[in-house]
Structures are given as C-alpha cells and as structure tokens.
2 protein chains.
Amino acid sequence: MAPSSGSVSIKDVAAEAGVSVATVSRVVNGHPSVSPASRARVLAAVEALGYRPNAVARSLRTDQTRTLGLVISDVLNPYFTELARSVEEAARALGYSVIIGNADERPELQDHHVRTLLDRRIDGLLVSPTDGGSPLMLDAVRAGTPMVFVDRWIPGVDVPVVRSDGRQAVRDLVAHLHGLGHRRLAIIAGPAATTTGSERVEAFRDALREHGIALPAAYIGQGDFQADSGRRATERFLALPEPPQVVFAADNLMALGALDAIRAHGLRVPHDIGLAAFDDIPWFVHTDPPVTAIAQPTGDLGRAAVRALIDRIEGRSPRSVTLPARLVVRRSCGEGAGEDTSVRRSNP
Amino acid sequence: MAPSSGSVSIKDVAAEAGVSVATVSRVVNGHPSVSPASRARVLAAVEALGYRPNAVARSLRTDQTRTLGLVISDVLNPYFTELARSVEEAARALGYSVIIGNADERPELQDHHVRTLLDRRIDGLLVSPTDGGSPLMLDAVRAGTPMVFVDRWIPGVDVPVVRSDGRQAVRDLVAHLHGLGHRRLAIIAGPAATTTGSERVEAFRDALREHGIALPAAYIGQGDFQADSGRRATERFLALPEPPQVVFAADNLMALGALDAIRAHGLRVPHDIGLAAFDDIPWFVHTDPPVTAIAQPTGDLGRAAVRALIDRIEGRSPRSVTLPARLVVRRSCGEGAGEDTSVRRSNP
DNA sequence: CCTCCTTGTGGAATCGATTACACGGAGGAT
DNA sequence: ATCCTCCGTGTAATCGATTCCACAAGGAGG
C-alpha cells in the first residue's frame, strides 16, 4: 500500500497490472473502452503502488497545466490577500491550481513573476498591474496568452478587466465629509502609473467639485500604496500652513501609515484630523478610532476574474466586469455615529 | 524581436541558427564547449524568435522543478502572509520559485494542496501542519520528499523544524500581567492537534504556576485559530460567574474575535478586561487600545526554513532551528506604559 | 607525414505521460 | 461458413528539453 520510494511511473503500473501503458492511461483518465477486468487490475495496481500521474509529463504532452498565474501588487495588503484567497478558491472549484506571484509594487519583480509563470506554461494569467505595462506583459498579450486584469488594468490593451468602481462610493464619502462640515480635504494617491492610483484621485476631485470644493496640488500626496509613503505624505500635510481637515488614503496600507504619522504628531483622530481609506479590512473596526472606508466586493471580484479567465482559456470571449464599491461609515471622520460598524469576514 | 505567436521551441531556434538542438541547449545552459561563432548565432536566433525554454519539458528531463511548495494554515492571518512573503523572497534569491497552498486550517484542504504539489514534482515542501499528520503527509515523508516544518510541526516525524520558542516570552507576559495585579488569567487555545495549539497553553500554564496561579479548565477556551472561535470563547469567559481579568489569545485572529466579543458586551479594554495575543502584527499598534503581543521573528523564520529545505534538497542534513520570540508590551492589559509601542514592518 | 588529443558538433536516447492507428477476436447478419 | 462490425488492446509517435556518445577537423608532437 505504501509507496516504497521514488516515483512510480505509468510503466510500473502497466507491468504490475500486466497491461500496456496505453490501457493504464485510459483507466486513469476514465476513457470508456477498457474492459471491466482490465480496469479492475489497473486500479488494483495503482492502489498497490501508490501511483500518481506525473503532472509535469502530462502537461508536456497535453500542452495544458490546469494552472492559473496570479500576479498581485502586494501580499502584505489584506485586500490582495483576500483577493488571492477567493481566486484560489474559485479556481480550485473549477479544477485549476493557482500560482501566486507577489510584485511588492515593483515593476521589475512583477516582470520576474510574469516571466516565470509564462515559462511554466500556465494556462492563463490574472494580473493586477503595478505599472503601465512592461514590454514583457504587452508581448504576452500580443502572443495570445489568456489574460485578465483584476482591480487595476492597463489602458489601451485589449484584455478583459474585472474591477470595482469606486466612483459612487467616493461621492458618498465626500458628501458624508461635507455634511460633517469638513471643507479642506486631502488625498494620498497611489502611483500615477496604476489605474487605481489616478482613478481615485479623479473620482475624489470630481466629487469635491460637485460641492464646489477645489483640490489644490498641496492636498494631493504622492504615495505608492505602501505604509511608509502614507506616513510621509501625511507629514507633509501636517506641515502645511493650513493642514487638511480630513485625509483620504487611496489604500489601507497608506491609511495605516497616515495613522502612524498623525499619532506621532500627538494629534487625535477624528478630533484633530479625520481619516478615511479606500479598501475596507477587518482591522478597521478595531483601530482607534474605527476607520471609515470604501469596501470592495473582494470575493466577488476574485470569482468573476477566475470565471472570465477560464472563459478565455476555453475559447470564449468574456466581457469586462465592474462591480460597485460601497461606503462604510465609522468614526474616523467625526461624529457620523456608527451606521455600519462591523465588517464581514468574506467567508462565503 | 517580438515573438509572432504560440511557443517557439528549441527546434525553431536550432533551425534559425543553423545548428543542432544540442548546441542550442548548450548555449542556453552556459556549457563551455561551444564555439564563439555558434554561440553568437544561437543567441541571435534566441533574441530574434523570443525563445524561452519550456520549463515543463526541462523539468521532465532533469527531474527537478526548482520549485518549493509552501502549505500554510491560513493566508488571511497576517503572520502567515508575512511568513510566505519572506519564504518567497529567500527562495527567489536562491533561484527557486514558491507555490503557496492555503489550508484554511482544514486538514482535507491541506491534503489537497500537498497532493497537488507532489503531483507537480516540486523539489521540496515547507509545511505548517494544520493537524497531527495525515497519512498522505506521513507517506510523503517516508517516500523521502524533502520536507521542513515551519512554525508548527508533527511530533515523532523525522523532519527538521524551523520555529520560534515562545516559552520565555510567555513567561515575560505572565510576569507583566502579575505585576499589573492580574490573577485571573485565561487563554484561548488553538486546536490541540497542532503543536502551537497545545504548546502555548503548556507554556502559559507553567508560567502561571511559577506565580502560584492555577489555570482552571473554565479559563481555557478552545479555539481553532480563526476569529470566530475567539469570539465564542470570549463570550463563554464573559458569561462565567467570575470572568478572567485578562484573556490571552494564542493567535492574532482569535484576539481580533475576542476584541469583537468584548466590544459587543459593552466592555472596555483594558479597563474592564485585559487582552494579549500571540503573534504581533502592524495593526496591533493602531487598535483600540494597542495590543500587547508576543512577536515572532517571522522574516528570520522564513529565511531559515528555506535554507534548511534547500540544504535537504541538495543532499545535506539540516538541523532544526529554534528562534526566540519576544514580548511587546502595549496598553491592552493595563498601564504598562508603552515600552515598545511600534512594530516594524519586516522589510529587510 | 603520421599519430594522438583536443575541441566543437550532431544524432539519438530519454524523461512520463497521451493518443492515433493497427490489429486480433468475438459475435451478428447473410 | 463467410464477411463485417465492433470492442479492447498494444505499438509507437510525440511533446520539448538534456545529455551521452561518436565523430570530424585541426593542431601539436614525434
């Protein structure tokens, strides 16, 4: 019953069962034309030897790996972790494995992972691009690699995008802030090379305009989606002659950095300055104070992305998917009471 | 320059360069005996065709994938995310890729990933076991799969373990709590099938004994390392005729759940009840209040684990590694002031 | 000028599967 | 009894690399 050592190959099973490798292969893959007798003997041999087909050999022959690559911008960001989890789950349900590559917001690392994944001949690629599109990625698209962008995308490239539209939620946020009497509103943006980096600033600016508020350059901090940049941008805000009343961070990590900086200056949230963030995470319920945030339907995004990618792999032509995000008001911007104070763990 | 389509194989390169596939292979792999002229022509052809060796074919032939499998208990736990990140980083530096499998604390899911990884013939396996050792995993060890346990391990199995010893840190924690005047101390344990589940209770009980304090059964909550179980255990504690003064959660997710439960009961930390956690994470600095925690040297663990595994793969016999954990006192157990209030992002 | 090495190169086997094709035998139709 | 189908099975080609072995050419040494 227990395999003695090294790998047992199909040849060993064939010998043990007294049939040819073709028959073993047929049994293993559930082909119909095998006699019940042979089938039984092969199954017995498989069991006895502890045989498992070599996925490498199989992939070489069939030219498919039943594997998806997922290149995300930053694993330490809980938003992406949750996305990765839902992607893996959805893929598994459809018989695919997922290999995750973490780009750490560094384009060259992203390229490294894309290259490695391509070398392993993954069947399709899910990417949340860290930059505006490296030659490598563009080549991959041109070469016909099944690809789907998730969360972020690269403009002008013909690849389906699965993302969530924060426009309305940002508008809701600004209305909320305005209602609280705040007028000097600042944003910590992500890298301009990413769509989510520029898009959120756009949405914010537009929403402000609806209330007749301008967004001066000094109130746009340049971040890179990492905590440190949030810290630095916030420090710059606080050093201004007229600091903002509320800081809106374009992701949760930069919000964390902002919180650090505010605390380092001995200021209190929301009393001295308000804070809001894009991307809601379980921890925001428990921070001091709980943070008002814009929540994306992360699980749905992951599932939709996998579905789209597998559609492409199997030859269909999936459309892009855009899901709405929603505002979750907590206490970090002032007395908004707690409409919705809890955040669900997305464990569907 | 740009590859036209599908995959370019070594044969295409050979044809383009006017040499045999053997020569192409030699050039690609940097073998010495190739004339400068041939080398140049091959390199030119590789460039022109955009050739990249097929890793699947290469793996089949050489019987090595230069890939490590990492099966972790829960990706949503920031501790494991950070571990995964450092593992990938260390592996990449040594020319290996990592495939992560998320067990979600479910033994059958863990087995699924182990099986899949074995099928793909990964060169070695890093596991943080969710249970006491499934037959599958035991077979894999017996079959000689290079394996290293990280964080958690399976007793009685001859596999190197890379972990951190929290014994002293737990002792420090109990001393801290005792110094604050707390005597009724409870713990939310992890599953008894995991070493970290039982070990931490042991350490806690021993440390209490040193102060002449007992650990009654009612003060041991049974958790599963997930937030919900922390919530339930805490509720049970709070329903006790004499609830504990401090709750120590054996991981950060259960601490989050405990925080939820405490807050749901309208109690305040640390005024009404204290809270401490195993595993420190960046968010603990910003919770209300900042949480006292035991920090593991996560980055070092990941690096040491990769080193050990690659040692095994390359035929050496690595020893187990045990690194100390340390107590980080914050405000969640009472006025301990803030000795060390910040937590580093481990970005080495 | 003939041997002997060295060096560069190509042919072909191999890794472990899948699968097209051929073939032998059983059973039904005529 | 003969022929025609199926049905089950095995042989061998194939996927894209690596690598052993043989061999040709050219230089060194006798």
Side-chain angles (χ1 to χ4, degrees), chain A residues 3 5-43 45-46 49-67 115-116 118-123 143, chain B residues 3 5-43 45-46 49-67 115-116 118-123 143:
Chain A
S5 76
S7 301
V8 179
S9 88
I10 196 170
K11 241 183 257 173
D12 304 320
V13 177
E16 171 84 10
V19 298
S20 75
V21 294
T23 299
V24 175
S25 175
R26 281 189 272 254
V27 171
V28 169
N29 294 300
H31 278 271
S33 63
V34 177
S35 72
S38 301
R39 178 180 311 279
R41 302 177 56 199
V42 168
L43 256 18
V46 164
L49 268 37
Y51 170 70
R52 296 243 84 212
N54 183 327
V56 174
R58 187 190 292 226
S59 293
L60 177 60
R61 184 59 234 255
T62 62
D63 201 34
Q64 55 159 321
T65 50
R66 294 207 72 92
T67 301
R115 188 159 14 236
T116 307
L118 256 24
D119 284 353
R120 323 195 132 196
R121 303 303 194 261
I122 43 132
D123 294 339
Chain B
S5 76
S7 301
V8 178
S9 86
I10 195 170
K11 241 182 257 173
D12 304 318
V13 178
E16 170 84 9
V19 299
S20 73
V21 293
T23 299
V24 175
S25 175
R26 280 188 274 255
V27 170
V28 169
N29 294 299
H31 279 271
S33 62
V34 178
S35 72
S38 301
R39 178 179 313 276
R41 303 177 54 200
V42 168
L43 257 17
V46 164
L49 268 37
Y51 170 70
R52 295 242 86 210
N54 183 327
V56 174
R58 188 190 291 227
S59 292
L60 177 61
R61 184 59 235 253
T62 61
D63 200 35
Q64 54 159 321
T65 50
R66 294 208 71 94
T67 301
R115 188 159 14 236
T116 306
L118 256 23
D119 284 353
R120 312 186 148 221
R121 304 300 195 262
I122 44 131
D123 293 340

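Everything numeric here is computed off the predicted structure, so don't read it as measured data. Below, read A as the first sequence line, B as the second, and so on, with proteins coming before strands; counting in each chain starts at 1.
Under the side-chain contact (heavy atoms from CB on, under 4.5 Å) criterion, B:Arg52 pairs with A:Arg115, A:Asp119, not counting sequence neighbours. For A:Thr67, the side chain to side chain donor-acceptor pair (under 3.5 Å) partners at least two apart in sequence or on another chain are B:Arg120.
The closest donor-acceptor contact from the side chain of B:Arg26 to the backbone of B:His31 lies at 3.5 Å or more, if one exists at all.
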Set out, in order, the CA-CA distance, both residues' side-chain angles and the distance that settles side chain to side chain contact (heavy atoms under 4.5 Å, CB included) for A:Leu60 and B:Arg61, then state yes or no.
CA-CA 11 Å; A:Leu60 177 60; B:Arg61 184 59 235 253; over 6 Å; no
Check step by step if side chain to side chain contact (heavy atoms under 4.5 Å, CB included) holds for A:Val27 and A:Ser38.
CA-CA 9 Å; A:Val27 171; A:Ser38 301; 5.7 Å; no
Verify side chain to side chain contact (heavy atoms under 4.5 Å, CB included) between B:Asn29 and B:Arg58, making sure each step is shown before the conclusion.
CA-CA 11 Å; B:Asn29 294 299; B:Arg58 188 190 291 227; 3.5 Å; yes
Residue pair A:Ile10, A:Ser25: steps toward the side chain to side chain contact (heavy atoms under 4.5 Å, CB included) verdict
CA-CA 8 Å; A:Ile10 196 170; A:Ser25 175; 3.9 Å; yes
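An end-to-end axis angle of 60° holds for the helix from C:dC1-D:dG30 to C:dT30-D:dA1, taken from five base pairs per end and rounded to 10°.
Counting all heavy atoms, side chain and backbone alike, B:Val56 lies closest to A:Ser59 at CG1-CB, 3.9 Å. Here the closest heavy-atom approach between residue A:Ala14 and residue A:Ser20 is recorded as CB-C, 3.8 Å. A pairwise comparison of heavy atoms in B:Val8 and B:Tyr51 identifies O-CD1, 3.3 Å as the closest pair.
Using a 4.0 Å cutoff on non-hydrogen atoms, the parts of residues 52-64 of chain A near DNA chain D are A:Leu60, A:Arg61, ordered by number. Looking at residues 25-37 of chain B, you'll see B:Arg26, B:Ser33, B:Val34, B:Ser35 sit with a heavy atom under 4.0 Å from some atom of DNA chain C.
Checking A:Leu43, A:Asp12, A:Val19 one by one against A:Val24, the side-chain contact (heavy atoms from CB on, under 4.5 Å) holds for a single residue, A:Val19.
Mapped onto DNA chain D by nearest heavy atom, B:Val21 and A:Gly18 fall at different nucleotides, with A:Gly18 at the one closer to the 5' end.
Along DNA chain C, read 5' to 3', the first and last nucleotides having any atom under 4.0 Å from a heavy atom of chain A are C:dG16 to C:dT19.
A 4.5 Å side-chain heavy-atom check between B:Ser7 and B:Asn54 finds every atom pair outside the cut-off.
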